[in-house]
Each structure stands twice: as structure tokens, then as C-alpha cells.
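First up is the structure itself, then whatever we jot down about it.
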Amino acid sequence: MKRILSLVLCAGMVLIGGSGCGKSAKDTPYQKTNIAMGTMVTQTIYAEGADELASHIDILLQQLETEELSYRLPDSKVSKINQSLGNGETPVIQAPLDTYIQDCLKLWEQSDGALDITLGKVVSLWNIDTYSANGGEGFEVPSKEAIEEALSQAGMEKIHLQNNLVPQDDQTTQQNSQPSSQFTFDGPVSLDLGAVGKGIALDRIHDVLMEGGASAAIIQVGGSVLTYGEKPNGQPFKVAVVNPLDTGKQLGYLSLKGQWCVSTSGDYERYVEKDGVRYHHILDPKTGYPVDNELCSVTILAKNGFLSDALSTACFVCGTKTGMELAKACEVEALFVNKNGELTMTEGMQKIFVENKQ
Ligand code: FAD
Ligand code: MG
């Protein structure tokens, strides 16, 4: 009995964060779950000193949110840019934010405006994050006039890049680049990097894992997942894809080896229902209303987090047909799920996705 109890405790320690089951720290994953960027963050790390690496990642996420990306927190760089624009000033945008904005500009063009990080005023008007968290209490559909007014202060055609010194053909996010570009804005647009923030976080986390000498890791920041290195047993990582029509179940999983980023955008997590209509958080930049097409989720597999996150949102807005073309043009793999539960996949995704037999 005593022996069974000690085995159970040992197993529990593996899950909670220990490495005390007689294996080396590199063979036994350290696991930790936290909240950041308004979502759940789960870290599984194989490394000597994995607990320190995980704490490092926690701090990194905290700083990324409070100092750089969150439009909700007044001292972040994004908030300060929005405040400057509201005051009619031209903000100076430093690295690496300038690179993120340039990368978004490229994808805005490539997606024919589907990815638009200037929708801040429209996003705030709907405020779906808050209403979805409180069960929809007090939610009202904004008036058509209010949506039109907010939409008139959005649009990435209002951002102009000056002195572009960053190579145009490089779509990756260059985190350590020096200030290299400047932007001018036509009017007080409001930036919201919610569609790319978790992907950016994964790219930064990747660097921490590499510098910290991790042998393998799987890090989930909400709907975005990073796989890194090789597990000690040589087995592939399994990244589950939720069934958007029955969120307690999984459609299947992606079987991955090495470094990948997987992001899913859908209408099934952040939404409010009112009078039988579902209002979710992914907006059509052309109308200012939640995207209303055949899709309920898109999963993108890419080599970096920025691309996977940006394209999961953009492809959701585009719909299956145009989204497939966009995914192929950007050389990523994609899985689209429509409201009838039908799956459409790129060729590469078909090789990686293992469907659950129901
Ligand atoms: P994605 O599809 O990746 O992104 C959708 C989000 O992008 C929308 O929520 C909206 O913000 C924006 N968006 C909508 N339509 C478009 C479009 N066409 N083009 C571009 N962008 C669009 N949530 C909270 O509830 N509370 C918080 O305090 C909070 N803080 C956050 C801080 C940071 C730094 C980040 C990155 C996110 C935070 N979030 C928070 C979550 C955020 O508000 C979004 O809901 C979340 O990023 C959506 O991610 P996703 O992967 O689910 O969907
Ligand atoms: Mg996204």
C-alpha cells in the first residue's frame, strides 16, 4: 500500500513539475500551467533546469503583454501608439514592433485585407472577449451607425511605411532588429495585435528554449502551440485539434517532429449568443461584423508562430476556397472545418493530420 502511494505521488510530481522519479531531468518533462494574454498557457519542457526556463517564459509573456502588445494596458507600446494617434501625433515605432507591423502589412496585402490589425475600435465596440467571459450578460449588438463610425477609423491602407530598410522577401519576424522603418498614419486608427500576439509569443519562447538548451518542449498559448526539439523517446508530438461542433471532443491530432507552430482560429470559444445568433470575435474588416461564412475553424501549421497565428485568422476571414489559396501562397499547411463538420486540407496537412475514428 505504502509502495502504491509513493508511486502515485511520484506520478503526480511528474505532472505538476517534478523530476524526481529516478529519471534525469532531460528525460522527464517539467509541466506548468498559467494564465497570460487572457488565456491558458501550458508548458511541457525537457531540459536540465526546466523549472527556471519555465519561469523565464512566464516573465517573458508577462513583459510581452504589459510592455509591448496589450492595447488594454495603458503602458504598453501598442497603447502608447494608440494614444499618440488619438492625439493626432505621429508615433515613433521601435523594433521589434515595427517589424511586426510590416509583417502584418504584407499579410494584409496578401490576404486582400482579411488580416487587419487596425480594427481596434471595432473590436472594442463589440467587446466580445468580455461578454464571452461573463456569459453574455449585458451584451447588445452595436448599432449599424456605431459600427460604421468605428470602421471608418480602421483600414491598413491608412498605414504608410517610410524608409523601409528590411528586406521585402523576408516574412519571418526579426525580433532583434534595430529600428529600421517609420510609419505615417492617415488618422487615428487603433492597433489591436490580438490576431498575432500569441504567435509572436511562441517565436520569442522558441528563442528562450534554444538559449536555455532545452532538448524538447511543447508550449501552448491559448489556441497556438509550439513544438520544439525531439522527445527523449523519439516519439512525435501530438497536437490535438478540437471539434468546433462539439468542443468536448477532438477531431484528431497533428503528428509532428521538430519545430512547428500550430494555431487555430474559430467561432466556438470567444462568442456571445443573442436571439439565436452567434456573435464571435473574428471580424470581417469589410463589414465590421463577425465573419459570417461556412467555416467554424481553421488550423494552420507553419514554421513560425507569427505566420501560423496571422494566417489562422486571415484564412478564417477568407473562407475555405480563398483561404486554401492563401495558405498555399504562404507555404503553410491548413485544415478548414465547415459548419457541416466537413474537413478541407492542404496536401501536406493530409499527411500529418491523424483523424479520430468516431
Ligand atoms: P485569433 O483569430 O488569432 O485572433 C482574433 C482576435 O484578433 C480578435 O479577438 C480581435 O482581437 C482581433 N481580430 C478580429 N478580427 C480580426 C481581423 N480580421 N484581422 C485582425 N485581427 C482581428 N483577452 C481577454 O479576454 N482579456 C485580456 O486581458 C487579454 N489580453 C491579451 C493580451 C495580449 C497581449 C494578447 C495577444 C491577447 C489578449 N487577450 C485577452 C486575447 C485577445 O483579446 C484575443 O481574443 C485573442 O488574442 C484571440 O486569439 P485567438 O487565437 O483566439 O484568435
Ligand atoms: Mg490568429
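Start at 1 and go down the list; that is how both ligands and their atoms are numbered. In this chain, residues are counted from 1 in sequence order.
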Going through the distances and angles, do Thr42 and Gln31 end up as a side-chain hydrogen bond (donor to acceptor under 3.5 Å, both in side chains)? CA-CA 7 Å; Thr42 307; Gln31 295 186 311; over 6 Å; no
Proximity to ligand 1 by part of [X], non-hydrogen separation under 4.0 Å:
X: Arg270; answer: side chain
X: Thr130; answer: neither
X: Pro285; answer: side chain

Among the heavy atoms of Ala114, does any lie under 4.0 Å from an atom of ligand 1?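 The answer is yes: ligand 1 sits under 4.0 Å from a heavy atom of Ala114.
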Close approach, Gly223 and ligand 1, non-hydrogen under 4.0 angstrom: no
Enumerated ligand 1 atoms positioned under 4.0 Å from heavy atoms of [X]:
X: Leu69; answer: 34 (C)
X: Gly197; answer: 36 (C)
X: Val123; answer: 10 (C), 11 (O)
X: Leu119; answer: 16 (C), 17 (C), 18 (N)
X: Asp192; answer: 10 (C), 11 (O), 12 (C)
X: Val317; answer: 18 (N)

Salt bridge between [X] and [Y], side-chain N to carboxylate O under 4.0 Å?
X: Asp129; Y: Arg72; answer: yes
X: Lys274; Y: Glu140; answer: yes
X: Glu68; Y: Arg204; answer: yes

Examine distances only and state if a side-chain atom of [X] and a backbone atom of [Y] form a donor-acceptor pair shorter than 3.5 Å.
X: Lys121; Y: Leu191; value: no
X: Ser265; Y: Asp309; value: no
X: Thr247; Y: Pro244; value: no
X: Gln43; Y: Thr33; value: no
X: Asn87; Y: Glu89; value: no
X: Trp126; Y: Gly288; value: yes

Checking side chain to side chain contact (heavy atoms under 4.5 Å, CB included) for the pair Lys158/Thr118: CA distance, chi angles, key distance, verdict? CA-CA 9 Å; Lys158 296 188 173 75; Thr118 66; over 6 Å; no
Can you tell which of [options] gets a heavy atom nearest to [atom]?
atom: atom 6 (C) of ligand 1; options: Glu68, His281, Met156; value: His281
atom: atom 21 (N) of ligand 1; options: Pro290, Ala195, Gly120; value: Ala195
atom: atom 2 (O) of ligand 1; options: Ser265, Cys315, Ser308; value: Ser265
atom: atom 26 (N) of ligand 1; options: Met37, Arg72, Lys198; value: Arg72
atom: atom 42 (C) of ligand 1; options: Asp129, Val78, Thr118; value: Asp129

Ligand 1 to [X] polar contact by distance, N or O atoms, under 3.5 Å:
X: Leu115; answer: no
X: Leu283; answer: yes
X: Ser312; answer: no
X: Gly194; answer: yes

With rounding to 10 degrees, what does the angle Asp309:OD1 / the Mg ion (ligand 2) / Ala195:O come to? 80°
Between Tyr271, Phe316, Tyr268, which is the residue that forms a ring-ring contact (aromatic ring centres under 6.0 Å, His included) with His280?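 Of the listed residues Tyr271, Phe316, Tyr268, the ring-ring contact (aromatic ring centres under 6.0 Å, His included) partner of His280 is Phe316.
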List the closest protein heavy-atom neighbour of atom 20 (C) of ligand 1: residue, atom name, distance to the nearest 0.1 Å.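 Result for atom 20 (C) of ligand 1: Asp116 O, 3.1 Å.
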May I ask you to identify the nearest protein heavy atom to atom 1 (P) of ligand 1, giving residue, atom name and distance to one decimal place in Å?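 Sorting protein heavy atoms by distance from atom 1 (P) of ligand 1 puts Thr313 OG1, 3.3 Å first.
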Angle class for the Phe306/Tyr100 ring planes (parallel below 30°, perpendicular above 60°, tilted otherwise)?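 Parallel: the ring planes of Phe306 and Tyr100 meet at under 30°.
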Could you walk me through whether Tyr289 and Tyr279 pass ring pair (Phe, Tyr, Trp, His ring centres under 6.0 Å), step by step? CA-CA 8 Å; Tyr289 283 81; Tyr279 298 94; 8.1 Å; no
Heteroatom N/O/S of Ser224 within less than 2.8 Å of the Mg ion (ligand 2):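 For Ser224, the answer is no, given that no N, O or S atom comes within less than 2.8 Å of the Mg ion (ligand 2).
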